[in-house]
Amino acid sequence: MLMPGSDTRVVELRVHGIMGTTAESLVGAVAAVDVAGDGVGRIVRPADRLRRPGPGPMLHTDGRSVPRTIEGYLWSGMTSGGVGKSTWALLFPFVLANMAHWMLPPVPHDNRPAAALGLVGRSLLRLAALLLTVLFVTQVAVVSLDLLAAQCLAPGSPCLSSVVPDWLRELRGFRAIAGLLPATLVVLVLGRVSAVTWRVNAPPLPSPVPGNRPRRMPGANLVADPDTPTLRALHTVAGLAVLALLPAGGPFAASPVVTTQWLVGLSVLVLAALGVLLLDDPTGASPHRAGRWLRLALGKVTRRVLLIVSVLLVLSTAVTQDRLPTRLTGTDITIEGTAAALVVVCVLFGLVVMPAAWIARREFWAEQPHELRPWAGGWMSPIMLVIAALLGGGFGAGIAIAVRKLLGSQGLQLPSGYEPVTLLWGVSAAFALLIGLLLGAITGVHRWRNDRRGAQPPESGLLHADAPPTDQSTATRAWRNGRFQRNHLHHVLVACGTALAAGAAVAIWMRLRDFGPPEWMGLFSAVGVFSLGFLAVALMRAVYQAIRRPELARTLGVLADLACFWPRESHPFVPPCYALKVIPELTERAAKHLEDPRTRVVITGHSHGSLIAIVTVARLMETLPPTARERVGLVTAGSPLQWAYSRAFPSVVPHRSLAELHGELDGRWRALCRGTDPLGGAVTTWRRQVYDSKMIGMGFRPDGSSGPLSPAKAGESGALVLGSDHWLPDPQLQAVPGLRWSPGVRRHSDYYADPEWDEAVAIAAGLA
């Protein structure tokens, strides 16, 4: 490690987390100004009254003061603000299906069975995503083509009679165009959304320096998928083909007269399904695999031809359809057939992931403590796909129910396949209520017993040993609540998936038996209708309010912050991934500062920003020469890396990769933790306990290994430092001159104002 000289300076490069922040809050100043970036990704510094950028406060360490420059990267503009970003919430089922890809278990190196299972699993996931798109388009057609055009606008119908006269309803092609045009526009808009990408305002990263990367580093597979344009084209043409087939009875119906339109539409649909099955994962592509030649065959020219053919097919359907019937039977069989195919694919996908997770367990986490192993044993991806599928189907049914209610006509009929959907959601709501009551009762009893026994988390007892009794009691309750939320969030997700799957099983069983629900189940159907309508109206209202009042858009932005971090993989109809822009720009900015040999760069990440920070530092460790790597440090605060990201996404940020990065940094990774923080806990330590009034535990060591650590030491601010984790007292023990005072429990906020922050930055910079 290079010894600091008298001219050493530190650049602290901050990255914020979810819910965004202001530029002033990020850099801890009353004013801030942009110093780099393109307006979408902004790099800001503190500013004076004349809006001139200035350095940050001096960094005091070991009896000396070191100049410090504070910069912050603002990326929240990519996930919130504006009408378009507010409507991204409507794509949430697609986003979950895409996220399921990143939750797949890792594939061991040189393991052919695992590689084959991974290839089949990714193919099934892409097929499920395509079926989800087809189901969504069909549900849009139920509203525009069936409810509105075929039924509501039928000649002689009282529905909207004061708005649309009878002579217009009888006009040739009017009803078909009125029904097909909105659905076609929806499909084309989805394709347009999936074509949007953020322009990277940085040169391409250089190749890794030989010897810099012993094994895999965190986020190594976060790359743009070259198959995205092909997937986008296949999903678009599949949606248009379904629209063209619906007036003819749908793709699953036996057409009495096999017309050219029906054959072309069915051929396009089959081609799209085969295409998504054969496309390969770019991280494992090789010249002899199907994805290679298929990507060449479906080039720009081929994709444009398919798109033109699909659009002409829809137009020809609208023109040749002399008069729409008063009820489209094609929607019934299309919805039921697509839903059935989606259920089969989800089941097959779950069966394939089971042995893949078992192989990954033996290779990667069999010897790890239980609290570090992936959620659901690495089987979280099928659970997420089931939630995405049932949310997508339920949301479409809810929109149709809400539209029928708004039209105010009792004669409008929904597809018969919607009856099992309403029953599904009614039964799921009952299961969710039962599970919620059971978990609530267990939680209440557990907390009551702890209160009776006066049980206190060991870390909290040491941190607040000298605090007043009221502060000790407040800290104890906050520690318990925060630990409970961190330990059981995945159980809530599993419970939601279980409740929805149980409701789906009941609905499918009744449908296969071909009988309607008995009278005693009428209540469940009514609850399902209410739940679906409430879901659709609430989501649409949230989008509308976010458009009218942009300050409310941050609420929807939370979903985008978490979900849009992941590049498009299994589903192309998702918002653009901001990580592919933020990480290269942060890496380039840090490398530019490191060109000065006197400069040390500390990248800090709060909350979700810690994930961005570690991937950025990993890229720097790969591409920088050794002399520059020794001047890079990392500070994470309120980070969910250990309890959430490494367990939910074991192939992206596996536990081993975090240990390797910790070893590469040689002690220059510091993590600020609060037990009261429900979103951020321990990062580099686990199995903590108090023995002989000292906190001990397991954790990462500076050499990259893991094992027992030396007992925690108390810092000047009252924090306990165990390994690389700095446990902060919360509430803060006392006010510190020169720092903002935050009374009460701070939980997930105000890490920058904690007196331990500067100490962690100094250690990460190699100055202490």
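Shown here are the side-chain contact (heavy atoms from CB on, under 4.5 Å) partners of Ser25, two or more places apart in sequence or in another chain: Thr21, Thr22. Looking at residues two or more places apart in sequence or on another chain, you find a side-chain contact (heavy atoms from CB on, under 4.5 Å) between Leu185 and Leu181. In this structure His593 satisfies the ring-ring contact (aromatic ring centres under 6.0 Å, His included) test with no other residue, sequence neighbours excluded. Listed by chain and number, the residues in a side-chain hydrogen bond (donor to acceptor under 3.5 Å, both in side chains) with Arg42 are Asp34 (sequence neighbours excluded). Under the ring-ring contact (aromatic ring centres under 6.0 Å, His included) criterion, Phe573 pairs with His235, His571, sequence neighbours left out. Residues passing the salt bridge (charged side-chain N to carboxylate O under 4.0 Å, His left out) test with Glu585 are Lys581, sequence neighbours excluded. Scored by the ring-ring contact (aromatic ring centres under 6.0 Å, His included) test, Trp379 finds no partners at all (sequence neighbours excluded). Looking at residues two or more places apart in sequence or on another chain, you find a side-chain contact (heavy atoms from CB on, under 4.5 Å) between Val494 and Met380, Ile383, Thr498. The salt bridge (charged side-chain N to carboxylate O under 4.0 Å, His left out) check on Arg589 picks up Glu71, with sequence neighbours excluded. Arg303 meets the salt bridge (charged side-chain N to carboxylate O under 4.0 Å, His left out) test with no other residue; sequence neighbours excluded. Here Phe364 pairs with nothing under the ring-ring contact (aromatic ring centres under 6.0 Å, His included) rule; sequence neighbours left out.
Here Ile70 contributes atom CD1 and Arg14 contributes atom CZ; the two are 4.0 Å apart, rounded to the nearest 0.5 Å. Here the CG-CG distance, from Leu271 to Leu234, works out to 6.5 Å after rounding to the nearest 0.5 Å. For the atom pair CD1 (Ile583) and CG (Leu611), the distance works out to 7.0 Å, reported to the nearest 0.5 Å. Taking CG from Leu580 and OG1 from Thr197, the interatomic distance works out to 9.0 Å, rounded to the nearest 0.5 Å. With rounding to the nearest 0.5 angstrom, the OG1 atom of Thr587 is 7.0 Å from the CZ atom of Arg619. The distance from the CG atom of Leu385 to the SG atom of Cys346 is 4.0 Å, given to the nearest 0.5 Å.
Each side chain to side chain donor-acceptor pair (under 3.5 Å) pair with one or both residues in residues 642-658, not counting sequence neighbours, appears once here: His608-Tyr645.
Looking at Asn111, its side chain does come within 3.5 Å of a backbone N or O of Ala114 through a donor-acceptor pair. The closest donor-acceptor contact from the side chain of Thr133 to the backbone of Ala129 lies under 3.5 Å. Under the 3.5 Å distance criterion, the side-chain polar atoms of Ser381 are matched with a main-chain donor or acceptor of Ala100. Side chain of Ser607 to backbone of Gly609: no donor-acceptor contact under 3.5 angstrom is found. Panel note: side chain Arg670, backbone Ala764; no donor-acceptor pair is recorded below 3.5 Å. Asp38 contributes no side-chain N or O that, together with a main-chain N or O of Asn201, makes up a donor-acceptor pair within less than 3.5 Å.
For the pair Leu190/Phe94, a side-chain contact is recorded, criterion being any heavy-atom separation below 4.5 Å from C-beta on. Leu104 is listed as a side-chain neighbour of Phe349, based on a closest heavy-atom distance under 4.5 Å. No side-chain heavy atom of Ile612 sits under 4.5 Å from any side-chain heavy atom of Tyr73. Put simply, the side chain of Val11 does not reach to within 4.5 Å of the side chain of Val602, judged on heavy atoms. Annotation: side chain of Cys564 is not in contact with side chain of Val574 (no heavy-atom distance under 4.5 Å). Side-chain atoms of His606 and Val15, non-hydrogen and from C-beta on, never get closer than 4.5 Å to each other. Residues Cys577 and Arg568 fail the side-chain proximity criterion, which asks for heavy atoms closer than 4.5 Å. The shortest distance between side-chain heavy atoms of Leu658 and Pro218 falls below 4.5 Å.
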Requested in this report: Decide yes or no on side chain to side chain contact (heavy atoms under 4.5 Å, CB included) for Ile359 and Leu117, but give the supporting numbers first.
Outcome: CA-CA 10 Å; Ile359 294 174; Leu117 289 171; 4.0 Å; yes
Report task. Evaluate the side chain to side chain contact (heavy atoms under 4.5 Å, CB included) criterion for residues Val44 and Val33: first the C-alpha distance (whole Å), next the side-chain angles of each, then the deciding distance (0.1 Å), finally the verdict. Result -> CA-CA 5 Å; Val44 297; Val33 63; over 6 Å; no
Report task. Could you give me the CA-CA distance, side-chain angles and deciding distance for Tyr752 and Leu26, then say whether side chain to side chain contact (heavy atoms under 4.5 Å, CB included) is met? Result -> CA-CA 9 Å; Tyr752 299 134; Leu26 184 58; 3.7 Å; yes
Requested in this report: Begin with the C-alpha distance, continue with both residues' side-chain angles, and end with the deciding distance and a verdict on side chain to side chain contact (heavy atoms under 4.5 Å, CB included) for Val617 and Leu665.
Outcome: CA-CA 9 Å; Val617 172; Leu665 290 170; 3.9 Å; yes
Query raised in the report: Under the ring pair (Phe, Tyr, Trp, His ring centres under 6.0 Å) criterion, do His101 and Trp566 qualify, and how do the steps go?
Result: CA-CA 9 Å; His101 169 88; Trp566 308 103; 9.9 Å; no
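Residues Gly377 and Trp365 share a closest heavy-atom pair of O-CZ2, 3.7 Å. When all heavy atoms of Ala97 and Leu125 are compared, the pair lying nearest together is O-CD1, 4.2 Å. Of all heavy-atom pairs between Val632 and Arg668, the closest is O-NE, 2.7 Å. Closest approach of Pro93 to Leu132, counting heavy atoms only: O-CD2, 3.9 Å. Taking all atoms of both residues into account, the shortest heavy-atom contact from Leu96 to Ala388 is CB-CB, 3.6 Å. What you find for Ile603 and Ala590 is that their closest heavy atoms are CD1-CB, 4.2 Å.
Ser610 and Thr636 form no side-chain donor-acceptor contact under 3.5 Å, judged by distance and modelled atom types alone.
Between Phe649 and Trp102, a ring centre-to-centre spacing not shorter than 6.0 Å is recorded.
By the 30° and 60° cut-offs, the orientation of the rings of Phe700 relative to His662 is tilted.
When Val237, Thr236, Val301 are each tested for a side chain to side chain contact (heavy atoms under 4.5 Å, CB included) with Leu306, only one passes: Val237.
Taking the charged nitrogens against the carboxylate oxygens, Glu363 and Arg361 have no contact shorter than 4.0 Å, which rules out a salt bridge.
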